[in-house]
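What follows is one structure encoded as structure tokens, with my remarks underneath.
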Amino acid sequence: MRNRFRGGDRDALGELYDEHAQVLYRYALRVTGDWAEAEDIVSATFLEAWRGREKLRPDGDGLRPWLLGIATNLMRRNARARRRRESALARVPERGSVPDFADDLVTRLADTEQLRAAHAALARLRRRDREVFTLVVWAGLDYAAAAEALGVPVGTVRSRLSRARTRLRELADAETLATRATRARTVRAGAGRPFAAERGAPAAAPGKPVPVRIPAARSSTQENHG
């Protein structure tokens, strides 16, 4: 496959697409959080791969790390557009807490709201740490393959991944504490409302007694006919 692709065999390009397109799409989708951009990244990745096929080394194992490396570089070049999306996302009210980033849960992120929350949290990581995290956790590369995709030593992949996991846990913990604090304030505010407010009477201002509604005195006519 590798030699056929390097030699310009278009059938090899088709086989390469069939084998890796879905992996590239899921990876790009999770990194960008945008369905349309993920599709564009897949198309652009194979276009770049085809144009640069002669630069591909003749030896090596599978081509997935190479393709994922191309996709990562393309998403780097789209950083300006990604920042605009993140800015727009930051103006959307948060819903719930940041999802747990344990490996077995992250691989099943499909819900749109969860994807947005994950993307917002990942956007707060350093770019290099985020790229390692997405390649290893989301794209399923081992350390050696991720190192090949990014052109860095394996030890660098390990240290960046460890830093990314630690930072994501900190973000999740902070979000949990903030959510609990907000819930506690809401409960206290609800418990402090005067009973009269529930009956339609005006609530008292802070520090003042609750007004009590006193029935009007009965007229003499009413008393005579009571």
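The model shown is predicted, which means the values in this text are computed figures rather than measured ones.
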pair E39-Y25: side-chain heavy atoms closer than 4.5 Å = yes
Heavy-atom closest contact (V31 atom, W138 atom, distance) = N-CZ3, 3.7 Å
What pairs with D142 under salt bridge (Lys or Arg N to Asp or Glu O under 4.0 Å), at least two apart in sequence or on another chain?
-> none
Go through the steps for R30 and T134 under the test side-chain contact (heavy atoms from CB on, under 4.5 Å), then give the verdict.
-> CA-CA 8 Å; R30 285 165 169 169; T134 53; 6.0 Å; no
Which pairs would a plain distance check flag for residues 63-73, meaning a side-chain donor or acceptor within less than 3.5 Å of a matching protein atom at least two apart in sequence or in another chain?
{"unit_1": "R64", "atom_1": "NE", "unit_2": "H20", "atom_2": "ND1", "d": "3.3"}
{"unit_1": "T72", "atom_1": "OG1", "unit_2": "Y27", "atom_2": "OH", "d": "2.8"}
{"unit_1": "T72", "atom_1": "OG1", "unit_2": "L68", "atom_2": "O", "d": "2.8"}
{"unit_1": "N73", "atom_1": "OD1", "unit_2": "R76", "atom_2": "NH1", "d": "3.0"}
{"unit_1": "N73", "atom_1": "ND2", "unit_2": "G69", "atom_2": "O", "d": "3.3"}

Same cluster or not: are L47 and V42 linked, directly or through other Ile, Leu, Val, Met, Phe, Trp or Tyr residues, by side-chain heavy atoms under 4.5 angstrom apart?
-> no
Do the side chains of W50 and R53 get nearer than 4.5 Å, heavy atoms only?
-> yes
Sorted by first residue and then second, give each salt bridge (charged side-chain N to carboxylate O under 4.0 Å, His left out) pair with at least one member in residues 148-159; sequence neighbours left out.
-> R57-E148
May I ask you to decide if D40's main-chain N or O and S43's side chain share a donor-acceptor pair within less than 3.5 Å?
-> no
Nearest heavy-atom approach of A146 to V136 is CB-CG2, 3.9 Å
Looking at CD of E48 and NZ of K55, how far apart are the two atoms once the value is rounded to the nearest 0.5 Å?
-> 9.0 Å
Under 3.5 Å, is there a donor-acceptor pair between the side chain of S159 and the main chain of T156?
-> yes
Among R165, R163, R167, which residue meets the salt bridge (charged side-chain N to carboxylate O under 4.0 Å, His left out) test with D129?
-> R163
Return the minimal non-hydrogen interatomic distance between M1 and L16, and the atom names on each side.
-> CE-N, 4.1 Å
Taking a hydrophobic cluster as the set of Ile, Leu, Val, Met, Phe, Trp and Tyr residues connected by side-chain heavy atoms closer than 4.5 Å, whether directly or through intermediates, do V132 and Y143 fall within one such cluster?
-> yes
Do the non-hydrogen side-chain atoms of R4 and E15 ever get within less than 4.5 Å of each other?
-> yes
Say whether V23 and L150 are linked into one hydrophobic cluster, either directly or through other cluster members, by side-chain heavy-atom distances under 4.5 angstrom.
-> no
Can you find a heavy atom in the side chain of E37 that is under 4.5 Å from one in the side chain of L29?
-> no
Shortest non-hydrogen contact between L135 and A149, atoms and distance | CD1-CB, 4.2 Å
Please examine the side chains of N78 and I41, heavy atoms only from C-beta on, and report whether any two atoms are closer than 4.5 Å.
-> yes
Any donor-acceptor pair under 3.5 Å linking the side chain of R6 with the backbone of L56?
-> yes
Should L74 and F133 be counted in the same cluster of Ile, Leu, Val, Met, Phe, Trp and Tyr side chains packed under 4.5 Å apart?
-> yes
